[in-house]
Asker: 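Following this message is one structure expressed as structure tokens.
Every number for a ligand or one of its atoms is a count from 1 in the order of the listing. Count residues from 1 along the sequence.
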Amino acid sequence: MQEERAGAASAPREEGAAPSGEALRELQSRWEDCRDCPLAAGRTRVVFGEGNPRARVMLVGEGPGREEDRQGRPFVGAAGRLLDKILASVGFSRPEVFIANVVKCRPPENRAPREEESQACFPKLTEQIQAIKPQIIILLGATALRAFSGPAARITRDRGVWQEHLGAKVMPTFHPAALLRDPGKKRPVWEDMKAVRACYESLAEKEEER
Ligand code: URA
């Protein structure tokens with residue numbers, strides 16, 4: 001796990017403060033040899049996620065691809081480079097946020113994780129969220145949306161609409177890989193990310209007023 005701190009996103013919290021990276025390191029070492037679902041058989045590494053352990057903004061993708069499996073880091077391929085640009089376009093940097101996936105092991109042939117695989121791994125994502133305590137979670141794509149909202153959720157219909165889960169405001173949007181296939185999705189993602197930025201700033205202002 002790459003652990004860095006930067007900018008306002010790592011400002012000290014008050015009551016209920018997220019712990020330092022220790023809690024995440026403990027989870028990471030607990031899951032290193034996870035065999036909870038059949039994806040374990042095909043992985044090179046468990047891709048835990050990375051970023052600021054006290055991030056106010058967390059992103060949740062689908063699952064590791066070939067390069068992520070090789071390097072043990074999330075979003076390091078083409079979709080990851082686009083994700084970095086999307087973050088930068090609204091003033092966030094990768095070290096400031098925390099990036100994780102619904103499943104932590106690579107599905108074969110880069111297929112989408114099956115619902116039972118997402119469900120098997122979801123308690124881990126929940127533990128990460130409970131340790132980090134982000135104010136905002138961005139769900140990248142249909143797999144992440146369904147993991148939180150159930151199988152009836154539809155990314156095309158539900159993106160751009162705030163939800164609330166595990167004490168965080170949750171914004172579903174398209175996955176960066178979908179933007180690579182269909183540049184027409186760039187505009188809605190930009191709108192969603194602007195809404196995230198505005199929410200982030202209004203939460204920060206409220207904290208300053210206290
Ligand atoms: N796509 C994802 O959803 N997650 C990654 O880590 C990489 C690509």
Asker: Consider only side-chain heavy atoms of I, L, V, M, F, W and Y, link residues closer than 4.5 Å, and tell whether V170 and M193 are in one cluster.
Answerer: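 Per the 4.5 Å side-chain linkage, V170 and M193 are co-clustered.
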Asker: Decide yes or no on side chain to side chain contact (heavy atoms under 4.5 Å, CB included) for K169 and Q163, but give the supporting numbers first.
Answerer: CA-CA 6 Å; K169 296 189 182 304; Q163 307 185 356; over 6 Å; no
Asker: Validate the cation-pi geometry between R197 and F92: distance from NZ or CZ to the six-membered ring centre under 6.0 Å, angle to the ring axis within 45°.
Answerer: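 Yes, R197 and F92 form such a contact.
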Asker: Pick out the protein N or O atoms lying less than 3.5 Å from any N or O of ligand 1, and list each pair with its distance.
Answerer:
{"residue": "ligand 1", "atom": "1 (N)", "partner": "H175", "partner atom": "NE2", "Å": "3.3"}
{"residue": "ligand 1", "atom": "3 (O)", "partner": "E62", "partner atom": "N", "Å": "2.7"}
{"residue": "ligand 1", "atom": "3 (O)", "partner": "G63", "partner atom": "N", "Å": "3.3"}
{"residue": "ligand 1", "atom": "3 (O)", "partner": "N101", "partner atom": "OD1", "Å": "3.4"}
{"residue": "ligand 1", "atom": "3 (O)", "partner": "H175", "partner atom": "NE2", "Å": "2.8"}
{"residue": "ligand 1", "atom": "4 (N)", "partner": "G63", "partner atom": "O", "Å": "3.1"}
{"residue": "ligand 1", "atom": "4 (N)", "partner": "N101", "partner atom": "OD1", "Å": "2.7"}
{"residue": "ligand 1", "atom": "4 (N)", "partner": "N101", "partner atom": "ND2", "Å": "3.4"}
{"residue": "ligand 1", "atom": "6 (O)", "partner": "F75", "partner atom": "N", "Å": "2.9"}
{"residue": "ligand 1", "atom": "6 (O)", "partner": "N101", "partner atom": "ND2", "Å": "2.9"}

Asker: Looking at R94 and D84, is there a salt bridge between them, counting it only when a charged N and a carboxylate O are closer than 4.0 Å?
Answerer: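 Yes, D84 and R94 are salt-bridged.
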Asker: Any pair with a residue in residues 151-174 that passes ring pair (Phe, Tyr, Trp, His ring centres under 6.0 Å), sequence neighbours left out, goes on the list, sorted by first then second residue, please.
Answerer: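 Matches after skipping sequence neighbours: F148-H165.
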Asker: Quick one: does any side-chain atom of D182 pair with a main-chain N or O of A178 as donor and acceptor, under 3.5 Å?
Answerer: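 Not confirmed, D182 side chain does not pair with A178 backbone.
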